[in-house]
Protein chains: 2
Amino acid sequence: MRADAQRNYDRLLAEARQAFIVHGTDASLEDIARHAGVGIGTLYRHFPDRYALMNAVFEQEVELLTVRADELLTADSPTDALVRWLRMVAVHSTMYRGLAAAIMAAGDAKMTACKAPLRAAGGALLERAQRAGEVRADATIADLLKLTNAIVLVAEKDPERQAIFDRLMDLTLHGLRAPAGVTAQA
Amino acid sequence: MRADAQRNYDRLLAEARQAFIVHGTDASLEDIARHAGVGIGTLYRHFPDRYALMNAVFEQEVELLTVRADELLTADSPTDALVRWLRMVAVHSTMYRGLAAAIMAAGDAKMTACKAPLRAAGGALLERAQRAGEVRADATIADLLKLTNAIVLVAEKDPERQAIFDRLMDLTLHGLRAPAGVTAQA
DNA sequence: AACTATACGGAGGACGCCTCCGGTTCTACA
DNA sequence: TGTAGAACCGGAGGCGTCCTCCGTATAGTT
């Protein structure tokens, strides 16, 4: 990779992150290019579409979440660990207005670069909680992450988002608990 | 209202419904106008923005759901009635690709014409279930509808939407059940 | 039939996405 | 150090969408 190409790539990435935070993930790509001091053509060469750009931006942040998941793997209560981690994921999604919507709108194919590591990390936490018999055996990590994102999405438009978020998360996570007799062994 | 105005209004409404089903709720407004044999200006005069059009289209269908809710008010199991009704809401939302997303993206203000009657109808069902002590007292109908829409949204993009939808709905509704000792009186 | 309030329609400005290719710049190699 | 050419840049331009504005047409009334 030529030095100028690398430089432009980095600038675009930094500018995109900024734009996504300020204007949401549907920020104008032309604006991003302009602020990065680069032509629109350059942006599209490095990132064929908006999702490529988003994947690049969020890849780093996702890594942080996977680290947290690893740490939580040794926490006392497996279920608490899982729940706390899901809340972290939600907080992250909330930071970028529109991220949750974009992730879903993308169909399953587009944002895999971000999703796959998250699933791996969260899957371990879920499995542990299921093995402990505390969480329904038929829950999948994909479902849980989907639900979490959905709740973020629902809440983020509302003036009292925090309250709504907490209530919905509570409701959902309450449903996660294994009913008596339905454990991982069942 | 002048006769020609009324005629155009009706045509636009019919065409919009068709377009929303075929292309999703982000169908092109110019297309809708064209198919209705009407200028784009006419569309905007009758419906100041996309949400006005959506409200008009869905108002009728919402009425059907409120009727169903009334019927279910006399069903045997209050909780079953509530759950069945929420599933109906979900089925309706699913019919129009993007409806769920639009309802949320609109903030709370825009789609009230559709939401208010739904809340009234569902609220009665929820209250009955809570009174019976079968459903958590801290659940609100607004939350439940939000959650339902969220699940529709999550599922609609996926190839196996039906399966995902069922699992998530199960998970959520399971969380609805009142834990021992936490009833409407608590 | 004439009048007027009401409604029509589409041209046009603004904006966003994305492609394409002539021009520029870096770098490897002599 | 000079240079050839691969790699890269940039933005003009085509397309689609939203929405506004205002000259024109028409329904309904007297």
Side-chain angles (χ1 to χ4, degrees), chain A residues 1-57 96-99 101-103 105-107 109-111, chain B residues 1-57 96-99 101-103 105-107 109-111:
Chain A
M1 198 175 195
R2 246 168 64 172
D4 53 348
Q6 179 71 53
R7 197 172 51 238
N8 284 337
Y9 182 96
D10 292 341
R11 278 187 192 163
L12 281 168
L13 212 53
E15 205 56 53
R17 165 170 291 113
Q18 196 56 27
F20 286 168
I21 292 180
V22 176
H23 299 110
T25 51
D26 55 351
S28 160
L29 296 187
E30 310 215 303
D31 268 359
I32 292 177
R34 201 173 312 130
H35 278 103
V38 140
I40 183 66
T42 299
L43 185 151
Y44 276 97
R45 194 167 329 100
H46 285 299
F47 308 98
D49 59 32
R50 164 172 249 107
Y51 294 118
L53 189 51
M54 290 178 59
N55 267 315
V57 167
Y96 296 87
R97 199 163 9 108
L99 208 208
I103 285 179
K110 291 288 190 173
M111 301 278 299
Chain B
M1 197 173 195
R2 243 167 66 173
D4 53 348
Q6 179 71 52
R7 195 172 51 239
N8 284 335
Y9 182 95
D10 292 342
R11 278 188 192 160
L12 281 168
L13 211 53
E15 205 55 53
R17 164 169 292 114
Q18 196 56 27
F20 286 167
I21 291 179
V22 177
H23 298 110
T25 51
D26 54 352
S28 160
L29 297 186
E30 309 216 304
D31 269 359
I32 293 176
R34 200 172 314 129
H35 278 102
V38 140
I40 183 66
T42 300
L43 186 152
Y44 276 97
R45 195 168 328 102
H46 285 299
F47 308 98
D49 59 33
R50 165 172 248 107
Y51 293 118
L53 189 52
M54 290 178 58
N55 267 315
V57 167
Y96 296 88
R97 199 163 10 109
L99 208 209
I103 284 179
K110 291 288 191 172
M111 301 277 299

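These numbers come from the heavy atoms of this one structure, side chains and all, not from hydrogens, waters or symmetry mates. Residue numbers begin at 1 in each chain, while the letters A, B, ... track the order of the sequences.
At C/dG9, one or more side-chain N or O atoms of B/T42 fall inside 4.0 Å of OP1 or OP2 (strictly under the cut-off).
The OG1 atom of B/T42 sits 11.0 Å away from the CZ atom of B/R11 when rounded to the nearest 0.5 Å. One distance of note links CD of B/Q6 with CG of B/D10; it measures 4.5 Å at 0.5 Å rounding. Here OH of B/Y96 is found 14.5 Å from NE2 of B/H23. Values are rounded to the nearest 0.5 Å. Residue A/Y9 holds its OH atom at 14.0 Å from CZ of A/R45, rounded to the nearest 0.5 Å. With rounding to the nearest 0.5 angstrom, the CG atom of A/L53 is 4.5 Å from the CZ atom of A/F20.
Between the side chain of A/N8 and the backbone N or O of A/A36 there is no donor-acceptor pair closer than 3.5 Å.
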Let me have the donor-acceptor pairs involving side chains of residues 25-32 of chain A, under 3.5 Å, with sequence neighbours excluded, atom names and distances please.
unit_1 : atom_1 : unit_2 : atom_2 : d
A/T25  : OG1    : A/G98  : O      : 3.1
A/S28  : OG     : A/E30  : N      : 3.2
A/S28  : OG     : A/D31  : N      : 3.2
A/D31  : OD1    : A/R34  : NH1    : 2.9

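If B/A3 and A/G39 are placed on DNA chain D by their nearest nucleotide, the residue sitting closer to the 5' end is A/G39.
In this structure, the CD atom of B/Q6 is 11 Å from the P atom of D/dG28, given to the nearest Å.
For the contact set between residues 7-32 of chain A and DNA chain D, defined by any heavy atom under 4.0 Å, the members are A/N8. DNA chain D is contacted by B/Y44, B/R50 of residues 43-54 of chain B, taking any non-hydrogen atom closer than 4.0 Å.
Closest to the B/I40 side chain, of the nucleotides D/dT20, C/dT19, D/dC8, is D/dT20. The side chain of A/R2 sits closest to D/dC8 out of D/dC19, D/dC8, D/dG10.
Applying the 6.0 Å contact sphere to NE2 of B/H35 captures no more than 12 heavy atoms from other residues, nucleotides or ligands.
Heavy atoms of B/A33 sit nowhere under 4.0 angstrom from any nucleic acid atom.
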